[in-house]
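Lettering of chains follows the sequences in order, A, B, ..., and the numbering in each one begins at 1.
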Number of protein chains: 2
Amino acid sequence: MTKTIETAFNIVETILELEKAGVAELADELNKPTSTVHDYLQGLEEIGCVVNDNGTYRVGSRFLSIGTRMRSQLEIYEMAKPELQNLAAKTGEHASLMIEENNYGVVLYTATGERAVQVDIHDGDISRLHTTAPGKAILANFSSERAEAIIDHYELTPRTPHTITEKSEIFEELDDIREQGYAIDREELFEGMQGVGRPIVVGDNVIGAISVYGPTGRMDESKITEKVSDMVLETVNVIEVSLKY
Amino acid sequence: MTKTIETAFNIVETILELEKAGVAELADELNKPTSTVHDYLQGLEEIGCVVNDNGTYRVGSRFLSIGTRMRSQLEIYEMAKPELQNLAAKTGEHASLMIEENNYGVVLYTATGERAVQVDIHDGDISRLHTTAPGKAILANFSSERAEAIIDHYELTPRTPHTITEKSEIFEELDDIREQGYAIDREELFEGMQGVGRPIVVGDNVIGAISVYGPTGRMDESKITEKVSDMVLETVNVIEVSLKY
DNA sequence: AGAACTGTCCGGATAATCCGGACAATTAAG
DNA sequence: CTTAATTGTCCGGATTATCCGGACAGTTCT
């Protein structure tokens, strides 16, 4: 159903992968006739979804526009943004806000500290919840039925050599996280990067999670438990209070 | 052509206007049968474009994902981003990067200073080039034929009481801007806000423009000509050098 | 308990997608 | 410099996905 929309997005994603592309190149990549691809591109151009620089197309700014307007409508984003900038400044690393959407974790916003390493991660990126520190913090605070339902949706393929691939192991860790209040990512998402995450809880609902990530050298486990974890907690507390008014 | 894609985006934009909405509400707003709207929503949900919270829909994070990935592929964004943060910190106001796309100005990124007033503007927002300081800076550095072609696409309806509505007046101002190197927005986009913009030029091409906006009280014309304009120039110079390697 | 809403599902008429083919323009090769 | 190959664009009609009326069950008001 709605096959048209799906192929439209496929075309956009393909352009994104190639950075820019012509009709023939895209048609080849998508195994579709050039005439069909051309029809789509023309339609997509009319509504600002792609931009045509004499023959080669790139993705247009319409997506950015819709995406940022959507984000600004989320109260949690507006409350968290300035606090994340504080947190990034204090730690010098990456500070992010994650929410759950459709069984996956979505990074809504990342503030970048002075010393933060350059990683190729963007606002809007999605990941399986058990593969990140903030994702695990969210999972740990869902009901066990809901957490299990989510995990069952996933294929537990590893992302890095350190990614957990055993369901039982995940649940063991979730227990620990619930107890100590924060989750640690030990190079499970990116090799060489460690992070700590804490849930944002208002009433009985987990609204999202805050995390700080940095290179393993600067973010070893003792530093997390001694300092960074507390800074994240402070940030979370401020956000939780803002959300309650 | 590609009517399906167009209505899909209409639905998304309508949800955005209503923040969240149900099938019936949307069907009513769009003058379409509920069954049709339902079909679309189901398709859009499957690909992460909308999210269904038991009956009411909101826009999903897929747009944010595509938008930010697109943005990161633009060299000018990557070069300008840290400089804009500097500029925002130094001035305390809003510092933005604008590019031209499809005859309109697109704000790719805005850094927010400490004292910056809260305005409802987002990354990805588009505007007619002659209604903003950076837009005028871009226009002034296009060839006069290209500038005229762009202006002719517009309806010169005012946005605020100060918006220029006479074609001849626009071109007079573009001459001044080319001479003095920067453009000023005198409450033409937002009442109570003034701004200054400068073009980013590499070789013979205008790649974009940098601007600083603030409340008229703090951004009067003498302050712009004496101080802010120079800060913007510094920023532009750094970016231009980065782009040339 | 009834009425008026909802969101969801089905199936077929309708109309848009989809694509083969032809064309000119540009680029690559000979 | 000529030829061949490849490109983006356009057309028109067969195909098939869209589109919508109608029916249904679940909620929320009256």
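Ranked by how close their nearest DNA chain D nucleotide is to the 5' end, B:T36 and A:E25 are led by A:E25. Of the two residues near DNA chain D, A:I5 and A:A21, the one whose nearest nucleotide lies more 5' is A:A21. The nearest heavy atom of DNA chain C to B:Q42 and to A:K3 marks one nucleotide each, and the one closer to the 5' end goes with B:Q42.
The side chain of A:Y57 lies closest to D:dT9 when the candidates are D:dT9, C:dC18, D:dC19. For A:T2, whose side chain is taken as the heavy atoms from C-beta onward, the closest listed nucleotide among D:dC19, C:dC18, D:dT18 is D:dT18.
Between A:E6 atom CD and C:dT17 atom P the separation is 16 Å, expressed in whole Å. As a whole-Å value, the separation of B:N31 CG from D:dC19 C1' is 15 Å. Here the C1' atom of nucleotide D:dT9 and the CG atom of A:L41 are 12 Å apart, to the nearest Å. The nearest whole Å value for the distance from the CG atom in B:N54 to the C1' atom in C:dG7 is 11 Å. Rounded to whole angstrom, the span from the NZ atom of A:K32 across to the C1' atom of C:dG20 amounts to 15 Å. The distance between atom CG of A:N52 and atom C1' of D:dT7, rounded to the nearest whole Å, is 13 Å. One atom, CD of B:E46, and another, P of C:dT8, lie 13 Å apart when rounded to the nearest Å. The separation between B:D53 atom CG and C:dG7 atom C1' is 15 Å, rounded to whole Å.
Not one side-chain nitrogen or oxygen of A:T34 sits closer than 4.0 Å to the OP1 or OP2 atom of D:dT9. For C:dT17, one of the phosphate oxygens OP1 or OP2 lies less than 4.0 angstrom from a side-chain nitrogen or oxygen of B:T4. Of the side-chain N and O atoms in A:H38, one or more sit less than 4.0 angstrom from OP1 or OP2 of D:dT9.
Using a cutoff of 4.0 Å between basic side-chain nitrogens and carboxylate oxygens, A:K136 and A:E188 are scored as salt-bridged. Using a 4.0 Å cut-off between charged side-chain N and carboxylate O, B:E19 and B:R58 make no salt bridge. The pair A:E13-B:R62 meets the salt-bridge criterion, with a side-chain N (NZ, NE, NH1 or NH2) lying under 4.0 Å from an Asp/Glu carboxylate O.
Exactly one of A:V206, A:I177, A:I151 qualifies for a side chain to side chain contact (heavy atoms under 4.5 Å, CB included) with A:L139. That residue is A:I151.
Relative orientation of the B:Y104 and B:Y154 rings is tilted, given thresholds of 30° and 60° on the angle between their planes.
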